[in-house]
Chemist: 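Here's a structure for you.
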Amino acid sequence: MNSIPWHILGAGSLGSLWASRLFRAGLPVRVILRDAARLEAYQAKGGLTLSEHGQRQRFEVPAQTLGDPEPIHHLLVACKAYDAERAVASIAARLASGAKVLLLQNGLGSQQAVADLLPHARCIFISSTEGAFRDEDFSVVFAGQGFNWLGDGRSSDAPDWLATLARAGIPGEWTPDILPRLWRKLALNCAINPLTVLYDCRNGELRHHANEVKGLCDEMVVVLQRCGQSLAAEGLHEEVNRVITATAANYSSMYQDVAQGRRTEISYLLGYACNAAMQHGIDAPRLNALRQRLVRHLASRGLPGD
Ligand code: NAP
């Protein structure tokens, strides 16, 4: 098992964080880059750099392009949600039968799209609370300790390779409830992140918009219940308030994306919730109005609304 390489698709923040830790633990790792130009840029840097506890360390993790012929048995998809399906499609022919495909994407929608593309692979969804950002190309700062919940939504038995992640210092646990966890994270995101963009504020300042937050939570609870996600609906408003307080000084991930002129994952978060409401015939005026305001705001900044 330990001699089977881990292929990491996307050497961005989380991809580099996972690749560095697996490589540091002595496991065979390959990062997969878009094309020859990105591979050349990577080689010029001499590998991946990980900054952790104020220390910078470089790891000469082997890299390859999408077109490399090496078969893939263990794949970690570390692209943004809006890139995942296309990126996986371009390496689908390289996947061995029964390959494990770990999906790190935030929100919902992209995981199912990838799973539909790969009927012969075992797709595993991850809900991660770890935090990392790129300080330069192929260099990542491990900014927030967290945890990874993994599951395939079906089996309750943890796969044996999970111990490999633990040995590499990647904290994680198997859960039969991965979908409720992903839904819950999506719901928290819907109630907090878009408002921080629209009010141009840190999470904590949403205390001044308490009615709006509560209205969004109330609608989200109905959506979750109708989608069969009652577990994810339980105590949502209370948890949103706890998160707002606990992360009061932070800027949300969506806020940071917009501030840095990067495309957001709106279609897989608030957009996914609005579509789910529509499919279930639920009137969700607050969530829909929020989506429209956000899309207008993104357009005014030259950013896509999907
Ligand atoms: P990121 O830093 O933007 O990295 C994404 C990487 O995917 C980039 O390096 C990009 O390549 C690469 N990529 C995109 N399309 C590709 C393709 N066709 N072939 C090869 N590589 C491709 O994103 P991230 O912050 O790591 O986020 C990844 C996912 O994890 C997101 O869904 C995010 O919401 C979730 N997440 C992130 C964090 C965090 O702290 N960062 C925490 C929890 C969850 P280029 O470099 O060439 O553009």
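Source: prediction; values computed, not measured. For the single chain, residues carry numbers from 1 onward in sequence order. Just so you know, ligand 1 is whichever comes first in the structure, and atom 1 is the first atom listed for that ligand.
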Chemist: Quick one: CG on Leu75 to CD1 on Ile91, what's the gap to the nearest 0.5 Å?
Modeler: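 With rounding to 0.5 Å, CG (Leu75) is 4.5 Å from CD1 (Ile91).
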
Chemist: Heavy-atom contacts with Ala87 under 4.0 Å: which atoms of ligand 1 show up? List them by number with element.
Modeler: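 That gives atoms 17 (C), 18 (N) of ligand 1.
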
Chemist: Provide the closest heavy-atom pair for Glu219 versus Ala284 in the form atom of the first, atom of the second, distance.
Modeler: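 Of all heavy-atom pairs spanning Glu219 and Ala284, the closest is OE1-C, 3.1 Å.
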
Chemist: Please examine the side chains of Gln64 and Leu39, heavy atoms only from C-beta on, and report whether any two atoms are closer than 4.5 Å.
Modeler: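 Side chain of Leu39 against side chain of Gln64, heavy atoms only: no contact under 4.5 Å found.
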
Chemist: Among Arg263, Arg34, Met254, Glu130, which one has a heavy atom closest to atom 11 (O) of ligand 1?
Modeler: Arg34

Chemist: If you have a sec, work out which protein heavy atom is nearest atom 4 (O) of ligand 1 and how many Å separate them, to one decimal?
Modeler: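 Here the nearest protein heavy atom works out to Gly12 CA, 3.2 Å.
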
Chemist: Hey, do the aromatic rings of Tyr272 and Trp183 have their centres closer than 6.0 Å?
Modeler: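 Distance test on ring centres: under 6.0 Å, yes.
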
Chemist: Short question: side chain of Arg94, backbone of Asp68 - any donor-acceptor pair under 3.5 Å?
Modeler: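 Answer holds: yes.
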
Chemist: Can you tell me how the ring of His74 sits relative to the ring of Trp161, calling it parallel under 30°, perpendicular over 60° and tilted otherwise?
Modeler: tilted

Chemist: Under a 4.0 angstrom heavy-atom cut-off, which atoms of ligand 1 come close to Ser128?
Modeler: 43 (C)

Chemist: Which bit of Ser13 is near ligand 1, meaning a heavy atom under 4.0 Å away: side chain, backbone, both or neither?
Modeler: both

Chemist: Please list, in number order, the atoms of ligand 1 under 4.0 Å from a heavy atom of Asn106.
Modeler: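 Per the distance check, 32 (O), 34 (O).
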
Chemist: Which option, Ser110, Gly131, Cys79, owns the non-hydrogen atom nearest atom 22 (C) of ligand 1?
Modeler: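 Comparing heavy atoms across Ser110, Gly131, Cys79, the nearest one to atom 22 (C) of ligand 1 lies in Cys79.
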
Chemist: Mind listing the closest non-hydrogen atom pair of Ala81 and Gln105 along with its distance?
Modeler: CA-CG, 3.6 Å

Chemist: Measure the distance from atom 39 (C) of ligand 1 to every protein heavy atom, then report the residue, atom name and distance (to 0.1 Å) of the closest one.
Modeler: Ala132 O, 3.5 Å

Chemist: Among Ala78, Gly10, Ala41, whose heavy atom sits nearest atom 5 (C) of ligand 1?
Modeler: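 Nearest option to atom 5 (C) of ligand 1, by heavy atoms: Ala78.
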
Chemist: With the side chain counted from C-beta on, respond yes when Trp174 and Asp157 share a heavy-atom pair under 4.5 Å apart, and no when they do not.
Modeler: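 No. Closest side-chain heavy atoms not under 4.5 Å.
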
Chemist: Heavy-atom pairs closer than 4.0 Å: do any link ligand 1 to the side chain of Asp83, the backbone, both, or neither?
Modeler: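 The answer is the side chain.
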
Chemist: Do the non-hydrogen side-chain atoms of Ile124 and Val101 ever get within less than 4.5 Å of each other?
Modeler: no

Chemist: Within ligand 1, which atoms have a heavy atom of Ala81 less than 4.0 Å away?
Modeler: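 Every atom of ligand 1 under 4.0 Å from some heavy atom of Ala81: 32 (O).
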
Chemist: Given Asn189, Asp137, Leu104, which has its nearest heavy atom closest to atom 35 (C) of ligand 1?
Modeler: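 Result: the heavy atom closest to atom 35 (C) of ligand 1 is in Leu104.
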
Chemist: With heavy atoms only and a cut-off of under 4.0 Å, state how Thr129 meets ligand 1: side chain, backbone, both or neither.
Modeler: neither

Chemist: Mark yes or no: Arg21 above the aromatic ring of Phe59, with NZ or CZ under 6.0 Å from the six-membered ring centre and no more than 45 degrees from the axis.
Modeler: no

Chemist: Tell me the contacting part of Arg134 for ligand 1: side chain, backbone, both, or neither, using a 4.0 Å heavy-atom threshold, strictly below.
Modeler: side chain

Chemist: Which one holds for Ala11 and ligand 1: side chain close, backbone close, both close, or neither close, with close meaning a heavy atom under 4.0 Å?
Modeler: backbone

Chemist: Please indicate whether any nitrogen or oxygen in Leu14 is less than 3.5 Å from any nitrogen or oxygen in ligand 1.
Modeler: yes

Chemist: With atom 32 (O) of ligand 1 as the reference point, say which of Arg38, Lys80, Glu265 has the nearest heavy atom.
Modeler: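 Closest candidate by heavy-atom distance is Glu265.
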
Chemist: Are Glu212 and Arg293 ion-paired here, with the side-chain N under 4.0 Å from a carboxylate O?
Modeler: yes

